[in-house]
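Numbers restart at 1 for each chain; the letters A, B, ... are given by sequence-line order, proteins then strands.
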Amino acid sequence: MSPGVVDRLRALLRMTPRPGVEPAVPPAPEVRLDLAVAVPGALVRLVPAAAMLGAMLLAGPGPVGVTFGLGAAAAVTWWPGSPAAPVFLLLVALWVFSGPDLLAEPAAGGAETVRAALLVLAVHLVLRGAALAQHVGWRSLVEGRLLARIGRSVLAVQVVAQVMLLAVVWVRSGLGGPGPGQGWVRLVAVAAAVAVVVLLVPGGWLRRRPNVSAE
Amino acid sequence: MSAGAWEGRDEPWGLRPPSDGAAERARLEERARAPWAVGGLLAWSLAAGLLLLTLGGLGGRPDLALLGVPAVLGSLWGLWTRPRGEVWVDVERADGGTGGSGGLEARVRLTAPPGTEAVRLRVGRLSHGTTEALVDVPLTRVLGVSATSVRTGAQELFAVEHQGLGPGTYLTGPVGQMPAGRVVVLPRGRRMPGLPLPLRLRGLTGQHESRRPGDGGGLRDVHPFAPGDSPRRVDWRVTARRSPQLEELYVRRTVALAEAPVTLVVDSRDDVGPDVSTWSGLRPIRPDDATSLDLARQAAATIAEGYLGAGDRVGVEDLGVRRRALRPGAGRRQLDRIVHQLALLRPEGQPARRLRAPHLPAGSLVYLVSTFLDPEPAQLAQVWRRAGHRVIAVDVLPRLREQGLERRELLALRILRMDREDRLAELVAGGSELVRWAEPEEATRGLLQLARAHRRPGAGVGR
């Protein structure tokens, strides 16, 4: 990496210039906000891509999958407001679906269960990271207190998701693993999903609206 | 809107132009009631999460379904706790208007509706650019903002654009803008160890000893008692030595005190910075560069503070705008008036050429504070000098930077410098004295030399 690129990166991350390369005319002063701890926006913009790489390592896709995954990582870095993060979630789901059930072994408690738990965490970080990064410029600042607050809300959702994961493991271990005669479990899950959609999604989203432009 | 699209842009975040009265009020009320907008990312995440839940359920793959759980929970949490109303921002100056502290400080008061996860702020000044930040606002918060600046006078404070972000930062509130308020940064004078006096002192009060006999000053001479002398002034020792038989009494005579009339003539027609490439006005002057008018304000405030502290009378004349003249006066309030007057100085269009020099009080010490980039101030100095005033020219052109100038610009600058140096040399040859203010030590030394090399202090007083 050339020294010029290094210097630009250091400036982007708001680091002090390397010794001996200070500019002849110092940069013009900026407006300062009194933030106790602030993280450079460039770092925050890289969080979803880093989480994506982690998810790819856990999911272990093939070369084509890796290519798509890297493309999604690049897209979410440059356009965090784009649907790249949800699309990546579907990609991960596709990779998981193409492999064996990660929670198949009821008595597992082992590597596959941990992998599944980490995948749930990684895709969550991708989504939340993208949602945050879409409001952060490369040269802006993100307050540390805010990151801690977002971290707490991520933790709350993760607690629910991981408890559900453990519940699945527990239920399956109680039923003796997946097998025939457990169709009712799927039925209950689908019914629950439909109930969630009907009850929780705002009604306006599900109703057809008159075409205003046609009037 | 993606953050990348905002990079390097200073326009407001999609604000509508202000409308009038009732319509504006109705719009504000509507905005205060309106729920925050749902971002596209939330809809995509919710859809993807629900899809995974359904597929996982149908396919009997709980691992698949669990991947969608955080997306669904996070999105639904955002929808449930959707805030209403808008973020309110107020900006107030924090440094009490004293100025001269090396920068501007302000407090940004933020009030956000319940459910707000973060507030996106863009704080900017014309000369400093903008700084963006995502900050945590637990309902209310006061945030300090500062900017380094050596500029004085009327200027804008901070403009703030803001937008609330809902839970999960999936939702966005209405964009608001707080335009920059105007503030006046007062110039702060420096301490001067000594200041020169005019050729003639005036009046019977003050801090300076004149040559006129009177009260208040030091010993002038010992003189035989004459009608009108107070018996209390009789010096009995001298009388006993010189006239043992008391044929004649001797009195100690003291000199009277007087004040120095000082007029500050400030040339507000130019406001140029050290970077010559900004002189065209197309590029902003760096906020850490003091312009000629900043130096002029500082010089005039320093001089006024010094003389008014010694009880002298100081007035101000503006070469740029005639209505800004301040009549000579003394005391602390006069200093406040002068400092405020100096802070309001600024170039105003093309000033009309003066046919006659401003009329100054007789015997004034004239401080002509100018860049001397044109001949008018030097000509006025010659007129005042011929009228008997002591004239001190204070050169406030900053030390110029030549980096980045093109060859023809360098040539133009060289010609301008030669012209200016000739003008200053003529000024000195005509009897005026010169002090360069760009370097603080040099200015202090120059004024001190003028104060010590005083030309017959109080000459002419009492004749």
Side-chain angles (χ1 to χ4, degrees), chain A residues 24-25 28-35 38 78-83 85-86 89-90 92-93 96-97 101-103 116 119-120 123-124 127-128 130-143 145-146 149-150 153 157-158 160-161 164-165 168 178 186 189-190 193 196-197 200 202, chain B residues 1-4 6-7 39-41 44-45 47-48 50-54 56-58 60-67 69-74 76-77 79 117-118 120-121 123-125 128-136 143-148 158 165 167-170 286-288 403:
Chain A
V25 179
E30 296 178 340
V31 174
R32 288 186 304 275
L33 293 170
D34 292 346
L35 305 175
W78 290 109
W79 301 287
S82 68
L89 172 63
L90 295 178
V92 172
V96 170
F97 187 69
D101 191 341
L102 294 175
L103 305 174
L119 262 178
V120 170
V123 294
H124 190 196
L127 292 175
R128 290 301 302 270
L132 177 64
Q134 68 176 333
H135 303 293
V136 178
W138 286 104
R139 294 187 179 278
S140 61
L141 296 167
V142 182
E143 194 177 20
R145 278 168 57 175
L146 175 64
R149 182 175 178 154
I150 291 174
S153 67
V157 172
Q158 274 299 305
V160 176
M164 288 175 77
L165 188 142
V168 168
R186 300 181 190 179
V190 172
V196 163
V197 171
L200 302 180
Chain B
M1 183 186 291
S2 71
W6 292 12
E7 286 299 306
L41 204 54
W44 275 95
S45 300
L50 288 173
L51 181 67
L52 291 183
L53 277 179
T54 309
L58 285 175
R61 291 290 299 266
D63 53 347
L64 203 63
L66 283 169
L67 286 178
V69 168
V72 172
L73 285 181
L76 291 179
W77 178 254
L79 285 174
E117 180 124 324
R120 187 180 182 187
L121 280 180
V123 186
R125 292 192 77 222
H128 286 80
T130 58
T131 296
E132 270 188 39
L134 241 64
V135 297
D136 179 33
L143 199 63
V145 183
S146 59
T148 305
F158 299 101
L165 303 179
T169 59
Y170 286 119
R286 286 171 56 115
D288 53 347
Q403 291 97 335

Here the pair of heavy atoms bringing B/Ala133 nearest to A/Ser140 is N-CB, 4.4 Å
Ranking B/Leu73, B/Val72, B/Thr148 by heavy-atom pairs under 4.5 Å to chain A gives rank one to B/Thr148
message: Could you tell me if the side chain of A/Ser153 sits less than 4.5 Å from the side chain of B/Glu117, heavy atoms only?
response: yes
*Are any side-chain N or O atoms of B/Arg61 and backbone N or O atoms of A/Phe97, one a donor and one an acceptor, separated by less than 3.5 Å?*
yes
Next item on the list: Report yes or no: does A/Arg149 contribute a side-chain atom to a donor-acceptor pair with the main-chain N or O of B/Asp136 at less than 3.5 Å?
Entry: no
Rounded to the nearest 0.5 angstrom, the CG-CG distance for B/Leu52 and A/Leu89 is 5.0 Å
Less than 4.5 Å apart, side chain to side chain, heavy atoms only: is that true for A/Val120 and B/Leu67?
yes
Notebook entry, point to check: Does the side chain of B/Val135 reach to within under 4.5 Å of the side chain of A/Leu35, using non-hydrogen atoms?
Noted result: yes
Comparing B/Pro287, B/Ala147, B/Gly168 against chain A, the one with the most heavy-atom pairs below 4.5 Å turns out to be B/Gly168
Closest non-hydrogen atoms of B/Pro62 and A/Asp101, given as atom of the first, atom of the second and distance, are CD-OD2, 3.8 Å
Bottom line for A/Val96: the part with an atom under 4.5 Å from chain B's heavy atoms is both
If you tally heavy-atom pairs under 4.5 Å between each of A/Ala93, A/Ala161, A/Ala116 and chain B, the highest tally belongs to A/Ala93
Shortest non-hydrogen pair, A/Leu127 vs B/Ser45, comes out as CD2-OG, 3.7 Å
Does a side-chain heavy-atom distance below 4.5 Å link B/Leu134 with A/Leu132?
yes
Separation between NE2 (B/His128) and CZ (A/Arg32), nearest 0.5 Å, reads 8.0 Å
Sorted by chain and number, sequence neighbours left out, side-chain hydrogen bond (donor to acceptor under 3.5 Å, both in side chains) with A/Gln158 holds for A/His124, A/Gln162
Quiz item: Are B/Leu66 and A/Leu102 side-chain neighbours, meaning at least one heavy-atom pair lies under 4.5 Å?
Solution: no
When the 4.5 angstrom heavy-atom criterion is applied to A/Ala130 and chain B, the contacting part is both
task = Measure the shortest side-chain to side-chain distance between A/Val157 and B/Trp77 over non-hydrogen atoms and say whether it is less than 4.5 angstrom.
result = no
Measuring only between side-chain heavy atoms, which start at C-beta, is A/Arg128 closer than 4.5 Å to B/Tyr170?
yes
Could you tell me whether a side-chain N or O of B/Thr169 sits under 3.5 Å from a main-chain N or O of A/Ala131, the two making a donor and an acceptor?
yes
Most heavy-atom pairs under 4.5 Å with chain A, out of B/Thr131, B/Val69, B/Leu41, belong to B/Leu41
